[in-house]
S.K.: 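Quick one: this structure, given as structure tokens, is what I'll be asking you about.
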Amino acid sequence: MGNYSAVTEFFLVGLSQYPELQSFLFVLCLIMYKIILLGNGLLIIISILDPHLHTPMYFFLGNLSFLDICYTSSSIPPMLIIFMSERKSISFLGCALQMVISLGLGSTECVLLAVMAYDRFVAICNPLRYPIIMNRVLYMHLAVWSWAIGYSNSLVQTVLIMVLPFCGNNVIDHLTCEILALLKLVCSDISMNVLIMTVASAILLVIPLLLIFVSYIFILSSILRINSAEGRKKAFSTCSAHLTVVILFYGSALFMYMKPKSKNTKVSDEIIGLSYGVITPMLNPIIYSLRNKEVKEAVKKTLNRHFHLTKI
């Protein structure tokens, strides 16, 4: 191992054997990135400007939108540069930084979606006690702990992999510095890393998903007992939006991270990676806006106020 020079940069060659597909993905990802910034940015602004949206649900939704903007900003711009450049390289430090940010934000979203399910559970199953239970101190702490848990996992896993020897292997068969793709370059025993990753996946993917599932069993039971048709419709609309986002995110994440293998990364894995890295953050604000009457009314109110001010 002493004959190998230390790795100072990595080459990202994912989908490089399909140049036409890369050109298509460049245009597609660029358009999607603009939609992500616009949609999630608008949702954050609306939730801040409209006093009616100063509730725990929209506070968590604002966190989710901010998370999606940061997540895509850490991966899409470098990916677009890689698509168009001949030298598809990233520095060792840049790769580690990208991994910390993307893995941290992905882990945070897992916990945050479970927290949002708990918020809906309290709101629908205990509506009278909801303001007392979900007070400002609690929902602020839940948000902080979501970020803290996510980034603790990210820092531990990134440090543990970046200190391992790569023995000159610096060609990553992926579009970004994704932890599973990087793990395949290590030339020493990775059993400990695989164990930690599996445990982390169980804690951050399986357990939150089970909590969400249990929450929605109680939520569905409570919704069916609501006498008012309008009340049932409102409860279904807010919960179905969250449930759609959960299915999109967890479906692709479970597929990717619950199967650490030593095989070469397949094209299907890269496309799945794009789905939760680009498509899901783009759909989040659309899903919450289309399925939520309060958000639509807040958008109309804000736009009307803006047009009124411009006329003055």
Side-chain angles (χ1 to χ4, degrees), residues 28-77 80 101-102 104-106 108-120 123 130-131 134-148 150-151 234-235 237-246 248-249 276-312:
L28 186 64
C29 289
L30 182 61
I31 294 170
M32 286 182 170
Y33 183 53
K34 290 181 178 179
I35 296 172
I36 289 166
L37 294 179
L38 180 64
N40 286 287
L42 183 63
L43 206 53
I44 292 171
I45 292 168
I46 292 298
S47 64
I48 293 172
L49 293 180
D50 195 316
H52 295 98
L53 301 184
H54 292 175
T55 63
M57 174 182 167
Y58 293 103
F59 172 75
F60 293 132
L61 189 54
N63 269 263
L64 184 64
S65 294
F66 176 71
L67 186 152
D68 284 338
I69 289 174
C70 293
Y71 184 86
T72 51
S73 296
S74 72
S75 58
I76 295 181
L80 296 178
I101 294 172
S102 60
L105 292 169
T108 301
E109 184 161 355
C110 293
V111 183
L112 192 59
L113 288 173
V115 168
M116 292 172 75
Y118 172 71
D119 172 68
R120 291 299 82 208
Y130 177 70
M134 196 58 71
N135 56 69
R136 182 178 174 81
V137 174
L138 179 62
Y139 72 71
M140 289 287 285
H141 278 151
L142 287 173
V144 170
W145 275 108
S146 297
W147 287 87
Y151 267 95
K234 183 179 178 182
S237 68
T238 56
C239 291
S240 61
H242 177 254
L243 203 55
T244 305
V245 171
V246 166
L248 283 171
F249 177 79
Y276 74 81
V278 181
I279 298 173
T280 304
M282 182 190 71
L283 292 179
N284 283 355
I286 298 172
I287 292 167
Y288 279 107
S289 301
L290 292 177
R291 302 290 300 173
N292 198 307
K293 188 178 178 182
E294 290 177 334
V295 173
K296 286 190 270 190
E297 288 178 355
V299 170
K300 288 178 186 176
K301 222 185 295 180
T302 305
L303 290 175
N304 289 336
R305 194 184 304 129
H306 173 73
F307 286 132
H308 178 71
L309 289 173
T310 48
K311 285 179 182 179
I312 294 174

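Every value quoted in this text rests on a predicted model; they were computed, and no experiment measured them.
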S.K.: Can you check whether C70 reaches I101 side chain to side chain, under 4.5 Å on heavy atoms?
M.R.: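 Side-chain contact under 4.5 Å: no.
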
S.K.: For the atom pair CG (L283) and CE (M32), what is the distance rounded to the nearest 0.5 Å?
M.R.: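 Answer for the CG-CE pair, L283 versus M32, is 7.5 Å.
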
S.K.: Quick one: pull up CD1 in I45 and CG in D50 and give me the separation to the nearest 0.5 Å.
M.R.: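 Between atom CD1 of I45 and atom CG of D50 there are 13.0 Å.
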
S.K.: Could you state the interatomic distance from CH2 (W145) to CE (M140), rounded to the nearest 0.5 Å?
M.R.: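 If we round to the nearest 0.5 Å, W145:CH2 and M140:CE are 15.0 Å apart.
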
S.K.: Could you check whether any side-chain N or O of N40 sits under 3.5 Å from a backbone N or O of I36, counting only pairs where one atom can act as donor and the other as acceptor?
M.R.: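 Yes.
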
S.K.: Just wondering, do I35 and P285 contact through their side chains at under 4.5 Å, heavy atoms?
M.R.: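 No, side chains not in contact.
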
S.K.: Decide yes or no for V278 and T72: does some side-chain heavy atom of the first lie under 4.5 Å from some side-chain heavy atom of the second?
M.R.: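 No; the side chains remain at least 4.5 Å from each other.
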
S.K.: As an exercise, state the distance from CE of M57 to OG of S47, rounded to the nearest 0.5 Å.
M.R.: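 With rounding to 0.5 Å, CE (M57) is 11.0 Å from OG (S47).
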
S.K.: Minimum heavy-atom separation for G150 and T108, please, with both atom names.
M.R.: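 Where G150 meets T108 most closely, the heavy atoms are CA-OG1, 3.5 Å.
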
S.K.: Only one of L38, L28, I76 passes side-chain contact (heavy atoms from CB on, under 4.5 Å) with Y33; say which it is.
M.R.: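 Among L38, L28, I76, the one meeting side-chain contact (heavy atoms from CB on, under 4.5 Å) with Y33 is I76.
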
S.K.: Are there more than 12 heavy atoms of other residues, nucleotides or ligands under 6.0 Å from atom NE2 of H141?
M.R.: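 No, not enclosed.
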
S.K.: If I take atom CG from residue L64 and atom OH from residue Y71, how far apart are they, to the nearest 0.5 angstrom?
M.R.: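 So the gap between those two atoms works out to 13.0 Å.
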
S.K.: Starting at CG of D119, measure out to OG1 of T55 and round the result to the nearest 0.5 Å.
M.R.: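 Answer rounded to 0.5 Å: 7.5 Å.
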
S.K.: Check whether any side-chain N or O of N63 sits under 3.5 Å from a backbone N or O of F59 as a donor-acceptor pair, and report yes or no.
M.R.: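 Yes; judged by distance alone, with no hydrogens or angles, the pair exists.
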
S.K.: How far apart are the closest heavy atoms of S65 and I44, and which atoms are they?
M.R.: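 Heavy-atom minimum between the residues: CB-CG1, 3.6 Å.
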
S.K.: Taking everything shown except F66 itself, do over 12 heavy atoms lie less than 6.0 Å from its CZ?
M.R.: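 Check fails, neighbour count at 12 or below.
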
S.K.: With side chains defined as the heavy atoms from C-beta onward, is the minimum distance between H52 and Y58 less than 4.5 Å?
M.R.: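 No. Closest side-chain heavy atoms not under 4.5 Å.
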
